Structures are given as C-alpha cells and as structure tokens.
S.K.: 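This structure is in structure tokens; I'll ask about it shortly.
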Amino acid sequence: IWISPLKTFEYLLQRDDSKNSLMIDILSVLISIGIIIPRLQGFSALFGEQKIIGLIIGIILYGAFGYFAIKVLWTLVFWVIGKILKGKATKSQVQLVVVYSHIPFLIYLAISMVLIIVALITKNFDLIFYQHPVTHIIVVILIMRNLVYGLSFVNKFSYGFALLTTIIPLGITEFIYMIITNLKN
C-alpha cells in the first residue's frame with residue numbers, strides 16, 4: 001500500500017473474503033487508535049496525575065467510535081458518492097479500499113509506541129501525544145493517493161471521478177465542522 005497501491009488493491013480483491021474481513025477489523029481498530037492518540041492530550045489531562053488511565057480510557061472510547069466511523073460510516077459515504085457518479089464497486093470493495101487507504105495513520109501509532117517508552121523513562125507523558133504538521137500532511141497525502149487509486153480501480157472510473165469521490169465527503173465534513181465551530185462562538 002505504501003509503494004504500489006494499485007497492485008495491493010488488485011491482490012486484496014482477489015484474496016479470500018474471510019482473510020480480508022479479519023484484516024479489515026484489525027486494521028480498523030489499529031487505525032482508529034493511530035488517529036486518536038495524538039489528539040488525546042486534552043482528554044487525558046482530565047485525569048490529572050493519572051494521564052495513563054485517561055489515555056487508556058480515551059483509546060477504548062474513541063477507538064470504538066473510530067472503528068465504526070472508518071469501517072461503516074466512511075465506507076457508506078464513499079460507496080454512495082461512487083454510486084451517484086455511476087461507480088461499479090460493491091460496499092465490501094469500497095470498505096476494503098477505505099480501510100487499507102487509511103493505513104498511513106499507523107505512523108502515529110508507531111511513533112506513540114516508541115515515545116511511550118521514552119515517556120515512561122522520563123516521566124513526561126506529553127511525549128506520547130506527538131503531533132507535527134509535516135507528518136500530518138504526509139499522512140493525508142498518502143491516504144488521498146491510496147483512496148484515489150483504490151476508488152478508481154473498484155468503481156471502474158477515472159482518477160478525476162475518484163478524486164471527486166474523495167473530495168466531496170471531505171468538503172461536507174469541513175462544512176459541518178465550520179458550522180458547529182461557528183455555533184459555539
């Protein structure tokens with residue numbers, strides 16, 4: 001998925017559905033954890049000196065929601081938009097593409113796993129919540145690239161339609177976020 005996403009999706013779609021289903025579940029949980037760990041600093045601060053307990057509770061709560069969001073919600077959104085654009089993919093094909101496309105979020109999980117050791121040694125638990133804009137930009141670019149290649153492949157349409165399929169939900173999400181943020185102010 002890192003080097004040759006098209007060949008990866010070709011291979012995965014030819015593989016046994018039971019293997020794909022198990023990996024989709026495992027990856028959905030791990031990706032959810034990778035997404036949320038850098039954002040748990042404020043949540044874990046609610047637990048005062050027991051930041052590790054806050055981190056564990058946050059990972060469980062947000063990880064479960066993220067699992068649902070990646071595996072079900074995003075899949076449904078990309079599948080519906082693909083169908084509107086006359087795509088040929090099934091829900092399970094889109095689910096496979098969506099989950100595997102989000103693998104770059106595992107970079108955050110890997111970094112956090114390394115930094116948790118350093119955090120335990122130095123007693124500086126804020127290290128666990130690593131966030132850097134360059135890392136985020138690279139992760140987003142890789143995810144978008146994987147989504148465009150994968151959605152184009154399974155929907156049997158051009159990269160332009162695949163890009164449109166990925167941009168529409170992001171635009172809608174950003175619009176909703178903007179409305180919610182402005183309602184708070």
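These numbers were taken from a predicted model, which means no experiment stands behind them.
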S.K.: Can you name the nearest heavy-atom pair linking K86 to K88, along with the distance?
M.R.: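 Taking every non-hydrogen atom into account, O-NZ, 3.7 Å.
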S.K.: With a 4.5 Å cut-off on side-chain heavy-atom distances among I, L, V, M, F, W and Y, is there a chain of contacts connecting V134 to V140?
M.R.: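 In one cluster: yes.
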S.K.: Hey, are the side chains of I33 and F105 touching, using non-hydrogen atoms and a 4.5 Å cut-off?
M.R.: no
S.K.: Would you find a donor on one side and an acceptor on the other, under 3.5 Å apart, between the side chain of N124 and the backbone of A119?
M.R.: no
S.K.: If the plane angle is over 60° it's perpendicular, under 30° parallel, otherwise tilted; pick one for F161 and F157.
M.R.: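 Rings of F161 and F157: tilted, as their planes differ by 30° to 60°.
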S.K.: Looking at every heavy atom in both I70 and T75, which two are closest together, and how far apart are they?
M.R.: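 Result for this residue pair: O-OG1, 3.4 Å.
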S.K.: Hey, does the side chain of S152 reach the backbone of Y149 with a donor-acceptor pair shorter than 3.5 angstrom?
M.R.: no
S.K.: Using atom types as modelled and distance alone, determine if a side-chain donor or acceptor of S44 lies under 3.5 Å from a backbone N or O of L55.
M.R.: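 Between the backbone of L55 and the side chain of S44 there is no qualifying donor-acceptor contact (under 3.5 Å).
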S.K.: Quick one: does W74's side chain have a donor or acceptor within less than 3.5 Å of a partner on V98's backbone?
M.R.: no
S.K.: Let me confirm one number: the CD1-CG distance from I121 to L115, rounded to the nearest 0.5 Å.
M.R.: 11.0 Å
S.K.: Between L76 and W79, is there a side-chain heavy-atom distance shorter than 4.5 Å?
M.R.: yes
S.K.: Among the clusters formed by ILVMFWY side chains lying less than 4.5 Å apart, do L73 and L30 turn up in the same one?
M.R.: no
S.K.: Determine, using the 4.5 Å side-chain heavy-atom cutoff (strictly less than), whether V77 and F68 are members of one ILVMFWY cluster.
M.R.: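 V77 and F68: separate clusters.
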S.K.: With distance as the sole test, does S112 use its side chain to make a donor-acceptor pair with the main-chain N or O of I128 at under 3.5 Å?
M.R.: yes
S.K.: With the 4.5 Å side-chain cut-off for hydrophobic clustering, are L106 and V114 part of the same group?
M.R.: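 They do not share one cluster, since no chain of ILVMFWY contacts under 4.5 Å joins L106 to V114.
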S.K.: Are the side chain of S32 and the backbone N or O of G66 linked by a donor-acceptor pair below 3.5 Å?
M.R.: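 Confirmed, S32 side chain pairs with G66 backbone.
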S.K.: Find out whether T90 and V94 are in side-chain contact, i.e. whether some heavy atom of one side chain is under 4.5 Å from a heavy atom of the other.
M.R.: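 Counting from C-beta outward, T90 and V94 never come under 4.5 Å.
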S.K.: Closer than 3.5 angstrom, by distance alone: can the side chain of K19 be matched with the main-chain N or O of L12 as a donor-acceptor pair?
M.R.: no
S.K.: What is the distance from atom CG of N146 to atom CG of L151, rounded to the nearest 0.5 Å?
M.R.: 10.5 Å
S.K.: Which atom names give the shortest non-hydrogen contact between F153 and E10, and what distance separates them?
M.R.: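 Looking at all heavy atoms of both residues, the closest pair is CZ-CG, 3.3 Å.
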S.K.: How many angstroms lie between CG in L109 and CD1 in I59, if you round to the nearest 0.5 Å?
M.R.: 8.0 Å
S.K.: Is the NZ atom of K83 crowded by more than 12 outside heavy atoms at less than 6.0 Å?
M.R.: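 Enclosed: over 12 neighbouring heavy atoms sit under 6.0 Å from NZ of K83.
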S.K.: To the nearest 0.5 Å, what is the distance between CG (D25) and CE (M23)?
M.R.: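 Between atom CG of D25 and atom CE of M23 there are 10.0 Å.
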S.K.: Does F129 offer a backbone N or O that forms a donor-acceptor pair with the side chain of Q41 under 3.5 Å?
M.R.: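 Looks like no, no N/O pair under 3.5 Å.
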S.K.: Is the closest side-chain heavy-atom distance between V72 and Y67 below 4.5 Å?
M.R.: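 Not touching, per the 4.5 Å side-chain cut-off.
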S.K.: Do T135 and Y130 pair up side chain to side chain, a donor and an acceptor below 3.5 Å, judged on atom types alone?
M.R.: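 Side-chain D/A pair, T135 to Y130: present.
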S.K.: Is I84 close to T165 at the side-chain level, that is, under 4.5 Å between some pair of heavy atoms?
M.R.: no
S.K.: Taking all heavy atoms of S28 and all of V99, pick out the closest pair and write down the distance.
M.R.: OG-CG2, 3.6 Å
S.K.: Does OH belonging to Y62 count more than 12 external heavy atoms closer than 6.0 Å?
M.R.: no
S.K.: Does F43 form a side chain to side chain contact (heavy atoms under 4.5 Å, CB included) with I57? I'd like the steps, not just the answer.
M.R.: CA-CA 9 Å; F43 182 81; I57 292 171; 4.0 Å; yes
S.K.: Indicate if I167 and L147 have the same hydrophobic cluster label, given that clusters are the connected sets of ILVMFWY residues with side-chain heavy-atom separations under 4.5 angstrom.
M.R.: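 Yes, I167 connects to L147 through the hydrophobic network.
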S.K.: Is the shortest heavy-atom distance from the side chain of I103 to the side chain of I31 under 4.5 Å?
M.R.: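 They are in contact (side-chain heavy atoms under 4.5 Å apart), so the answer is yes.
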S.K.: Which residue in the set R15, Q14, Q93 passes side-chain hydrogen bond (donor to acceptor under 3.5 Å, both in side chains) when paired with N20?
M.R.: R15
S.K.: Going by heavy atoms in the side chains, are Y100 and P5 under 4.5 Å from each other?
M.R.: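 When only atoms from C-beta onward are counted, P5 and Y100 do not touch, as no gap falls below 4.5 Å.
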S.K.: Could you check whether K7 makes a cation-pi contact with F9, meaning its NZ or CZ is under 6.0 Å from the centre of the six-membered ring and within 45° of the ring axis?
M.R.: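 Output no; distance or angle outside limits.
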S.K.: For F65, I'd like to know if atom CZ has over 12 heavy atoms of other residues, nucleotides or ligands within 6.0 Å.
M.R.: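 Count not over threshold, so no.
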S.K.: Closest heavy-atom contact between V154 and L13?
M.R.: CG1-CD1, 3.4 Å
S.K.: Can any side-chain N or O of Q95 pair as donor or acceptor with the backbone N or O of K71 at less than 3.5 Å?
M.R.: yes
S.K.: Mind checking the CD1-CZ spacing from I141 to R145? Nearest 0.5 Å is all I need.
M.R.: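 Those atoms lie 10.5 Å apart.
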S.K.: Between I35 and Y108, is any pair of side-chain heavy atoms under 4.5 Å apart?
M.R.: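 With C-beta onward as the side chain, the pair stays apart.
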S.K.: Once you round to the nearest 0.5 Å, how far does CG of L27 lie from CG of L96?
M.R.: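 That separation rounds to 9.5 Å.
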